[in-house]
Amino acid sequence: GLGDVYKRQLFYKTKTFFLLAFPHKSSNLLAFCSLLWYHGHREKKTRKEARYVIRIAMCDDETMFLQTYQKKVSELFQEHNVDCKIDTYTDARRFLEDCEKTSYDLIFLDIDMPGLSGIQLASKFRDKGLATTLVFVSSHDDFVFETFRYNAYRFVRKNKLISDTQEMISSFCAALKTKSVIVRLDSDQQRTLEQKVSDIAYFYSIRHDIYFVNAQKESVRLAMHTYTMNELEKQFTEKGFIRVHKSYLVNYTWILQIKGDWVYLKANHDKIPLSRGRSEEVKLQYQRLMREEGVLCCLLYTSPSPRDCS
């Protein structure tokens, strides 16, 4: 573009000036200017070609279907400039064992499998607190209602495989780019932290001190007298955070389920108290965010068990 033309002209004018002003050092200056030009263009090229990379797993007992579907999913992600590494499994039990060692961004599960069904696998993932996005794939449409409780991202029908998968991947890639947003937060150590919004599980306050908990379960204290929970709520509500309690502001993508007086988080994070005065509004807000993302969800409106009250 014109910007590149002007930069190129400026480069040659600068080079000419140095050659005339410092002829005895011309070779060194020329090499230096060329090096700056090269690195500037290389950096620009690198930024332009940056791509997202995700890891995917598929589990289906039909080998031929897996091979075909793996290829199609990879092609569709490529259209959105997303590279993916796809592992395929025909044995559900072996897949479950490997999931404890490998972290996946997206998992496709066939529902009707021998030995261990996709529904049973999803239940075990939830029990283990595995934070991943689940997509159920089935030729039986009536199974869709059973998937609600597992916060499935999509239900892909095999009789509409391509259209359902195209829509799911398009939505997933759009959400992926949104979750890559970075915010700057001042810590109490007089440092400015650049933090991915998707890696902030929640903010919480203890008296006048405010902390956030990251994906590694580390609590980071923010600079004193710089933030308030009300100000953070205003700033982060549009980024998908919900004020579940006067002392807690939670990233909705980290919520596993809302049950009784508690909000349970993914990836083995602690449960967070839910203010009774905010309960209905929190559930409505959570459902709205899930619908906007396109997640199939069903909140559990149950009374707290004795274990929850302890």
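Below, all heavy atoms of this structure are taken into account, side chains as well, without hydrogens, waters or symmetry copies. A quick note: this is a predicted structure, and the numbers were derived from the prediction, not measured.
Salt bridge Asp87/Lys85: present, at least one basic N to carboxylate O contact under 4.0 Å. A salt bridge links Asp60 with Lys158; the closest basic N to acidic carboxylate O contact falls under 4.0 Å.
Taking each heavy atom of Gly240 and Leu289 in turn, the nearest pair found is O-CD1, 4.1 Å. Phe136 and Gly118 make their closest contact through CE2-O, 3.6 Å (heavy atoms, listed as atom of the first residue, atom of the second, distance). Nearest heavy-atom pair across Asp110 and Ser138 is OD1-CA, 4.3 Å. The shortest non-hydrogen separation linking Arg191 to Leu193 is NH1-CD2, 3.6 Å. The shortest non-hydrogen separation linking Ala122 to Leu109 is N-CD1, 4.3 Å. The shortest heavy-atom contact between Thr132 and Leu106 is OG1-N, 3.9 Å.
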Is there a side chain to side chain contact (heavy atoms under 4.5 Å, CB included) between Ile210 and Met229 once you walk through the steps? CA-CA 8 Å; Ile210 296 179; Met229 290 300 290; 4.1 Å; yes

Can you check side chain to side chain contact (heavy atoms under 4.5 Å, CB included) on Met113 and Leu121, steps first, answer last? CA-CA 10 Å; Met113 294 186 292; Leu121 274 173; 3.9 Å; yes

Would Arg126 and Leu256 count as a side chain to side chain contact (heavy atoms under 4.5 Å, CB included) if you check the C-alpha gap in whole Å, the side-chain angles of each, and the deciding distance to 0.1 Å? CA-CA 8 Å; Arg126 188 180 70 172; Leu256 180 63; 3.7 Å; yes

Kindly indicate, with the supporting measurements, whether the criterion side chain to side chain contact (heavy atoms under 4.5 Å, CB included) is fulfilled by Thr192 and Asp186. CA-CA 4 Å; Thr192 298; Asp186 295 329; 3.0 Å; yes

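Contact of the Leu76 side chain with the His80 side chain is not registered, since no non-hydrogen atoms from C-beta on lie closer than 4.5 Å. Using a 4.5 Å heavy-atom threshold, the side chains of Gln285 and Thr237 count as touching. The closest side-chain heavy-atom distance from Leu116 to Lys124 is below 4.5 Å. Considering only heavy atoms from C-beta on, Arg276 comes within 4.5 Å of Asp261 through its side chain. The side-chain heavy atoms of Tyr202 and Val263, taken from C-beta on, include no pair separated by under 4.5 Å. In this structure the side chain of Ile111 reaches within 4.5 angstrom of the side chain of Phe155, judged on heavy atoms. Considering only heavy atoms from C-beta on, Val135 stays 4.5 Å or farther from Phe172 through its side chain. In this structure, Thr88 and Tyr69 have side chains that are not in contact, with every pair of non-hydrogen atoms separated by 4.5 Å or more.
Proximity of a side-chain donor or acceptor of Thr68 to a complementary backbone N or O of Met64 within less than 3.5 Å is detected. Counting only distance, with no hydrogens or angles, the side chain of Thr226 and the backbone of Met224 share a donor-acceptor pair below 3.5 Å. Remark: the backbone N or O of Ser198 is paired with a side-chain donor or acceptor of Trp254 at under 3.5 angstrom.
One finds the CZ atom of Arg55 at 11.0 Å from the CD1 atom of Ile107 (value rounded to the nearest 0.5 Å). Atom-to-atom distance recorded for Leu232:CG and Leu185:CG is 7.5 Å, nearest 0.5 angstrom. Atoms CG and CD, from Asp199 and Glu218 in turn, are 11.0 Å apart once rounded to the nearest 0.5 Å. One distance of note links CZ of Phe212 with CG of Leu222; it measures 6.5 Å at 0.5 Å rounding. Atom CD in Glu233 sits 10.5 Å away from atom CD1 in Ile242 (nearest 0.5 Å). Taken from CZ in Arg157 to OG in Ser163, the straight-line distance is 6.5 Å, to the nearest 0.5 Å.
Taking the six-membered ring where the residue is Trp, Tyr248 and Tyr204 present parallel rings, their angle staying beneath 30° rather than reaching 60°.
The only option from Gln235, Lys246, Arg243 that meets the side-chain hydrogen bond (donor to acceptor under 3.5 Å, both in side chains) definition with Asn230 turns out to be Arg243.
For the 3.5 Å distance criterion, the side chains of Tyr153 and Ser171 qualify, holding a donor opposite an acceptor. Between the side chains of Asp61 and Thr90, no donor-acceptor pair is found at a separation under 3.5 Å. Looking only at atom types and distance, the side chain of Asp98 has a donor-acceptor partner in the side chain of Tyr89 under 3.5 Å away.
In terms of hydrophobic clustering, with Ile, Leu, Val, Met, Phe, Trp and Tyr side chains grouped at heavy-atom distances under 4.5 Å, Val183 and Val220 are assigned to a common cluster.
Heavy-atom neighbours of Glu75 CD from other residues, nucleotides or ligands within 6.0 Å: above the threshold of 12.
Seen from the ring of Phe236, Lys239 counts as a face-on cation partner, given the 6.0 Å and 45° thresholds.
Ring centroid separation for the pair Phe203 and Tyr227 does not come in under the 6.0 Å cut-off.
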